[in-house]
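Below, chains carry the letters A, B, ... as their sequence lines are ordered, and counting in each starts from 1.
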Number of protein chains: 2
Amino acid sequence: MDKIRPYSKVLRTLKSAGLRPTKQRLVLSRLLFDGKNRHVTAEGLHSEAILSGQKISLATVYNVLNAFTSADLLKEIIVDSGCSYFDTNITEHHHIFNEDNNELTDIKIKNVELKGLPILTSCEKLQRIDVIIRVKNKSK
Amino acid sequence: MDKIRPYSKVLRTLKSAGLRPTKQRLVLSRLLFDGKNRHVTAEGLHSEAILSGQKISLATVYNVLNAFTSADLLKEIIVDSGCSYFDTNITEHHHIFNEDNNELTDIKIKNVELKGLPILTSCEKLQRIDVIIRVKNKSK
DNA sequence: GTGTTTGCAAAGTGTTTGCAATTTA
DNA sequence: TAAATTGCAAACACTTTGCAAACAC
């Protein structure tokens, strides 16, 4: 099993985001911010928490994911109408999405070059650019 | 008002896609394939049909949009978890999505250059690449 | 006639909300 | 103790489905 990030570090993260360190937020933080980049759904993270023996409701997982996203601890990735993904990698980057197993993989942005994008109108403010490479598994 | 595409042309389109030209499919086809590129939601297209005096249920609009997408008459665009958009422009191209008014605009692909994308693994088969430029309205 | 499509209502999914109980500061 | 958060259930929004009636071929 991977090493678990100590509460102290997670505590500091929450504190600096202005979020009260409740038991549930700490549990989810430790699952999410374990050192490697993760892509989770509410459902998936909830199962994970339950499986690890914690008690937390699905509604709270949604609340926490939304709170973390508002606090810029997570980034929401839209690849699937009907299911939200949350990414612990909040730096600018792109994704490969496998439509067969619903798996998201990061693409480092420094490798990607985008040219020829249109000039926005004077009333449009750029939020972000998403590049999604959709793949399926090759049938053997 | 724009000119309405004659039934004959729409009929041929449906026929060649192997779809029976039912009254409802013809109604939606004439709204969709009116010569210019359109981005619609099921809800939006349904309202449009109703407002134009036609009788059609929302379930049928969903059925028809899915049938048209399977027949490659439409392309589904995923920009919003919780709502599907359908695009009458089935050529390869990208989008600007205005998150304030949920408006989609096409970007011609020939202007866009994407470099440095990762090499897919041997079991991955490319489906498509989506580039979405997310914008909001500038607050005055 | 046979198979397809429609339309309604019901069911299904993923997500949010109202509110009392609990917890944090 | 005042304000924020939780958890449940109910509400929600979007979409699909089951099935009888209507329709296309």
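A distance-only check finds a donor-acceptor pair linking the side chain of B:R134 to the backbone of B:V79 [under 3.5 Å]. Put simply, the side chain of B:H39 never gets that close to the backbone of B:T105: no donor and acceptor are under 3.5 Å apart.
Screening A:R38, A:H95, A:K75 for a side chain to side chain donor-acceptor pair (under 3.5 Å) involving A:D87 leaves a single residue, A:H95.
Along DNA chain C, the nucleotide nearest to B:V64 and the one nearest to B:R20 differ in position, and the one closer to the 5' end is contacted by B:R20. The residue among B:G18 and A:L58 whose nearest nucleotide of DNA chain C is located toward the 5' end is B:G18. In terms of position along DNA chain D, the nucleotide closest to B:A42 lies nearer the 5' end than the nucleotide closest to the other residue of the pair B:K15 and B:A42. When each of B:P21 and B:E76 is assigned the nucleotide of DNA chain D bearing its nearest heavy atom, the one mapping closer to the 5' terminus is B:E76.
To the nearest angstrom, P of D:dA4 lies 12 Å from CG of A:L19. Distance A:L14 CG to D:dT5 C1': 13 Å, rounded to the nearest Å. In this entry the distance linking CZ of B:R25 with C1' of D:dA24 reads 10 Å, nearest Å. Following rounding to the nearest Å, B:I78 (CD1) and D:dT15 (P) show an atom-to-atom distance of 11 Å. In this structure, the CG atom of A:L65 is 15 Å from the P atom of D:dT5, given to the nearest Å. Going from atom NE2 of B:H46 over to atom C1' of D:dA13 covers 16 Å, rounded to whole Å. Between B:N102 atom CG and D:dA13 atom P the separation is 15 Å, expressed in whole Å. Atoms OH (B:Y85) and P (D:dA13) sit 15 Å apart, rounded to a whole Å.
Among the atoms of the strands shown, only primed sugar atoms or phosphate atoms (P, OP1, OP2) are found under 4.0 Å from some heavy atom of A:K55. A:T22 comes within 4.0 angstrom of sugar-phosphate atoms only, judged by non-hydrogen atoms across all strands, and of no base. Contact annotation for A:T41: no contact, since no heavy-atom pair falls under 4.0 Å across all strands. Using a 4.0 Å heavy-atom cutoff across all strands shown, B:N63 reaches at least one base atom of the nucleic acid. Counting non-hydrogen atoms under 4.0 angstrom, B:S81 reaches nothing in the nucleic acid.
In this structure, B:Q24 does not reach the D:dC23 phosphate: none of its side-chain N or O atoms is under 4.0 Å from OP1 or OP2. Listed pair A:N66 / C:dT16 meets the phosphate criterion, a side-chain N or O lying under 4.0 Å from OP1 or OP2. Within the structure, every side-chain polar atom (N or O) of B:T60 is placed at least 4.0 Å from both OP1 and OP2 of C:dT6. In this structure, A:Y62 does not reach the C:dT16 phosphate: none of its side-chain N or O atoms is under 4.0 Å from OP1 or OP2.
Minimum atom distance to the side chain of B:A59 is reached by C:dA9, of the listed D:dA24, D:dG7, C:dA9. Taking every side-chain heavy atom of A:S84 into account, C:dT15 is the closest of D:dA24, C:dT15, C:dA25.
If you check D:dC23 for Watson-Crick or wobble pairing at under 3.5 angstrom, you find it paired to C:dG3. With a cut-off of 3.5 Å on both pairing distances, the Watson-Crick or G-U wobble partner of D:dT16 is C:dA10.
Salt-bridge formation is not detected for the pair B:D106/B:K108: no Lys NZ or Arg NE/NH1/NH2 atom is positioned less than 4.0 Å from an Asp or Glu carboxylate oxygen.
Note: the hydrophobic cluster containing A:V112 also contains B:L126 (ILVMFWY, side chain heavy atoms under 4.5 Å, direct or indirect links).
Within the model, atoms CG of B:L31 and CG of B:L26 stand 11.0 Å from one another, a figure rounded to the nearest 0.5 Å.
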